[in-house]
Every structure is written in C-alpha cells, then in structure tokens.
Participant: 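My questions will all concern the structure given below.
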Protein chains: 2
Amino acid sequence: MSPAPEPRKGARTRERILDAALGAFSEQGFNAVSLRDIAARAELTHVGLLHHFPSKEDLLIHVLERRDELDLAELREQTDVLDRSVLVWALRIVARDTTTPGAASLYARLSSEAADVDHPAHAHFVDRYQRLAGALATAIGTEIAEHGPPFPITAEQAGRQFLALMDGLQLQWLLEPDRVDMVGSLLGYLASLGIVIDRETIDPVGDPATTAGAGGERA
Amino acid sequence: MSPAPEPRKGARTRERILDAALGAFSEQGFNAVSLRDIAARAELTHVGLLHHFPSKEDLLIHVLERRDELDLAELREQTDVLDRSVLVWALRIVARDTTTPGAASLYARLSSEAADVDHPAHAHFVDRYQRLAGALATAIGTEIAEHGPPFPITAEQAGRQFLALMDGLQLQWLLEPDRVDMVGSLLGYLASLGIVIDRETIDPVGDPATTAGAGGERA
DNA sequence: GTCTATAGAAAGATAGAC
DNA sequence: GTCTATCTTTCTATAGAC
C-alpha cells in the first residue's frame, strides 16, 4: 500500500554493499573474499548482506553489471564524434584506473578467473569482450580509412607492448578460442614494425585449429 | 651411507605431484584448488603430498620454477641466431599453449592473482616480467635497426590487439606501477596506425604519476 | 614414504527472533 | 531489514602408526 517514490534506506544499503564488494573483489579476487569480509566493510553482518543478495554469485553479477553501467554512462556523456570517442573513452577508462588501483585489478583478476566456463561471470565477460572488440574495430577502421601509418617507437615500448599483447590475447583466446588467432596477431604486430617472420617458422604443421578465426589473418 | 646415484622413487612421486598441480592450478586457479584435489590426481593422499611439499605455497613456487625451467630449456635448444630466436621462441610458447588449454591459463590466472604483493608468487612474476620484457626489447631493437616499418593490418586485428594491449599492460602495471605507462603505450600503438590522439585529450592534468617510467614515452 | 585419524579454522547458507 | 545462533561442508595442517 505504500511503495514510496523516494529512494528507501534499503537501496542505500545495497549501494554500500556493492561498493564494498567492488573493493574487496578488486584487491583479493572473487574466490579469496568471503561474504563476511564484504559485510564488515559495509558495516553489517554477512547475514544482513544475504538479505539483499541471496548468494555470493548473485552479488558478483550485480557488481559487474553496475561497473559496466557506470562506464557506459561515461561513454554516453562524451560529446565527440561517435567513432573516435570510443577510443578516447577506452583510454580514459584506463587512465582513470591508474589512479584507483583497486578498481583496476577487478577485471584483470576476474577476467582470468572467468575463463572457466563454469565461473558465474563467464557469460558476462564473453559478451563484454565481443562488444568491446567490435566497437574498437569500427572506430579504428574509420581512422585508418583516412590516412596511412608512419610512426616512431622505442624498443622498450615495443617490448612491453609485445608482452602485453601476449597476455591480453591469451585471455581473449581462453574466453573465445575460435575467434582469436594469437600467433597470427602477434606476427601481424611484428610485421607492423617491419619484422617479417614466416608463419611456417612458428607453426610448422600449418595446423588448421590455430589458423582459424578473425583477428589473425596473416598480413 | 647409501645415497644412490639413481633417481629414487621419491623423485618420481615429486614429478607426479608437480604435473598434477600444474594441471589443477591451470584449470581452476591457485585459490580454488585444494591439496586434496591435487593429491587425488597424483594418486596419493593430501598428507602424502605434504610430505614432499610442506605447504600449498611451497608447491606453487616449485610448479612455477619447473615450468620456467622447461621453457628456458626449449630456448637453449634453439639453434637460430640469438636475438631473433627470442622472438621465435616466445611465439612458439604461445603456439604450443594453443594446443594445451590447461597450461595456457596457468599464467593468465596466476599472474593476475600474483599482482597482490602478499601473494606467494608475487616476486616470481615481477622478476619474470622484467627479464622477458628486456629480452624482447633487445631482440626487437636489433630488428628495427635494419629496416623501417611499412605494413598492412585489418581493423578486426587492430581492435583485438588494442584490447589485448589494454589487458596486458594493466597486468604489467599492477606488477610494476613505476615502469609501465599504459596510456602512453596505447597512444603509441595508435600512432603506429596513423591515429594521432593528443595526450592532453586523455590525461588533461598532465599528471606526473601517469607520465613516469619506461614503455610509454610519447611517440 | 605413505597412511588413518583428527584438530582447528573458516567458508556459504539457513532458521527464526525482533 | 538486521540480528544471533547454528548447520554443514571444506579447507590446511599436524600427530602418530606402519
């Protein structure tokens, strides 16, 4: 008879719990954090927490959804031309994470944990990677259409980048094995530096399993 | 009086345990795996396992050391010219992991878990990243010295690469915050595609904390 | 070197009072 | 909506027999 239109106390408690869970998962990972840890941060008992989120998995899903909603809200506030703004937005997310280490490690940890198909956040991360990769490809494609690439880069920078590509591609490949050709992509990156290595040197058999999928047709 | 020169039975059991632990950690991560799981794979009880490795942490350290030893042994078997062989070797490791999903996820999972300074494998991963990044930079530098870069790349490939760089650089930055400039490196990558974005667009304040370190002097 | 038995701590979740 | 109390399971690790 009285569902008040004002934000109730319960909603604020939910927010407090989500903040606490975001911080705890970020610092220690999903498995290592207990409901009691999170509840203590939010200043209630773990039973009180379970009243709002009936299970630990349910809490995780809501933390991830909230985080993506906040990031997407930032994207929509951008007033630049659409395509390039996706790139600017992604870079700003990275820059922001630099100042908040806890939030930054959430995806680094959870996205690797979620490679397991039985992990409660597996579907979330698969979907997220697909949408992000698509948006970035569209934006970069638009840019490339206008001018060709000349560029300077240091060996230090290239080394770090190559290593990051190895780790990042591995994560993508674990989530979507058929859509990522790690070797092909790394060879393409080296080719962009003028370093040409024949694929047969790496993959002597020409294994069809490692040759399939987008993101790695040899250049 | 009789320390036999022949490999004893205990040594073979140790190997069986290390194999089992590698597989289990790879598939489920360090925290999610119990000593009983590993012991069951190695066909003994968890108490028998603790006779060989006095704690779970001790077991993890030995698993990582063994894995790196095997990879380095492969490197030493390569007969190519030294510098380029580092690149070929790294690519072959990636290619091999493609055929053995379990082994591939070990580092994806553990390297993100190990970002925590209190994690038993933290020092191991910090050291590993430093050595790898150095070797790769040397090899790429040698290549670059010979010819300049022209290259083709698809937008799909570039999108996946950019995303992998985001994830991979984040991991490096979590391990060595002072040595990785994520935004700078990503801007450098985009510049290599002919996409020039001013750093001030991303990082309006010119924050010295996000500008420091190698791997990201702006191109 | 491997076992059974068990200690001791902590986890996720439920029952029911207020 | 939040609590205390408790159940059930699972964990790492130890004690001591063989």
Side-chain angles (χ1 to χ4, degrees), chain A residues 1-25 27-64 109-110 113 116 118-121, chain B residues 1-21 23-25 27-63 109-110 113 116 118-121:
Chain A
M1 205 50 143
S2 52
E6 279 286 5
R8 296 183 216 65
K9 182 196 174 191
R12 300 227 281 108
T13 304
R14 262 182 86 97
E15 287 297 303
R16 248 179 33 239
I17 293 171
L18 287 171
D19 280 338
L22 174 63
F25 288 153
E27 292 166 16
Q28 299 166 255
F30 177 69
N31 288 319
V33 167
S34 72
L35 293 181
R36 284 171 177 82
D37 294 336
I38 299 166
R41 283 194 188 218
E43 294 177 310
L44 79 171
T45 65
H46 82 283
V47 181
L49 187 157
L50 284 169
H51 171 74
H52 296 274
F53 303 94
S55 74
K56 194 184 180 187
E57 294 192 7
D58 183 75
L59 176 57
L60 171 62
I61 297 304
H62 281 90
V63 166
L64 293 174
R109 294 195 61 131
L110 283 183
E113 288 183 9
D116 180 351
D118 293 329
H119 193 280
Chain B
M1 208 45 145
S2 52
E6 280 286 5
R8 296 183 216 64
K9 182 196 175 190
R12 299 227 281 109
T13 303
R14 263 182 85 99
E15 287 297 303
R16 250 183 27 243
I17 293 170
L18 286 172
D19 280 337
F25 288 152
E27 292 166 16
Q28 300 166 254
F30 178 69
N31 288 320
V33 167
S34 71
L35 294 180
R36 283 174 176 81
D37 294 335
I38 299 166
R41 284 194 188 218
E43 294 176 310
L44 79 171
T45 65
H46 81 283
V47 182
L49 186 157
L50 284 169
H51 171 75
H52 295 275
F53 302 94
S55 73
K56 194 183 179 187
E57 295 192 6
D58 183 75
L59 176 57
L60 171 62
I61 296 304
H62 281 89
V63 166
R109 294 196 60 133
L110 284 183
E113 288 183 10
D116 180 351
D118 293 330
H119 194 280

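The sequence lines fix the lettering, A, B, ..., with proteins before strands; numbering per chain opens at 1.
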Participant: Could you note down all residue pairs passing salt bridge (charged side-chain N to carboxylate O under 4.0 Å, His left out) where residues 44-59 of chain A supplies at least one of them, sequence neighbours left out?
Facilitator: none
Participant: Base contacts versus sugar-phosphate-only contacts with protein, heavy atoms under 4.0 Å: please encode nucleotides 6-18 of chain C as B, S and - from 5' to 3'.
Facilitator: -----BBBBB---
Participant: Where is the tightest heavy-atom contact between B/Pro120 and B/Ile61, given as atom of each residue plus distance?
Facilitator: O-CD1, 3.2 Å
Participant: Could you give all pairs that pass the ring-ring contact (aromatic ring centres under 6.0 Å, His included) test and reach residues 28-54 of chain A, with sequence neighbours left out?
Facilitator: A/Phe25-A/Phe30, A/Phe30-A/His119, A/Phe53-A/His62
Participant: May I have all residue pairs that pass salt bridge (charged side-chain N to carboxylate O under 4.0 Å, His left out) and include part of residues 34-51 of chain A, sequence neighbours excluded?
Facilitator: A/Glu27-A/Arg41
Participant: Phosphate oxygens OP1/OP2 of C/dG1: is one of them under 4.0 Å from a side-chain N or O of B/His51?
Facilitator: yes
Participant: Out of A/Val33, A/Leu64, A/Leu50, A/Ile17, which one pairs with A/Leu59 under the side chain to side chain contact (heavy atoms under 4.5 Å, CB included) rule?
Facilitator: A/Ile17
Participant: In whole angstrom, what separates B/Arg12's CZ from C/dG1's P?
Facilitator: 14 Å
Participant: Would you list the pairs meeting salt bridge (charged side-chain N to carboxylate O under 4.0 Å, His left out) in which at least one residue belongs to residues 13-24 of chain A, sequence neighbours left out?
Facilitator: A/Glu15-A/Arg66, A/Asp19-A/Arg66
Participant: Can you tell me how far C1' of D/dG1 sits from CG of A/Leu44, to the nearest Å?
Facilitator: 10 Å
Participant: So, does B/Thr45 get its side chain near the phosphate of C/dT2, meaning an N or O under 4.0 Å from OP1 or OP2?
Facilitator: no
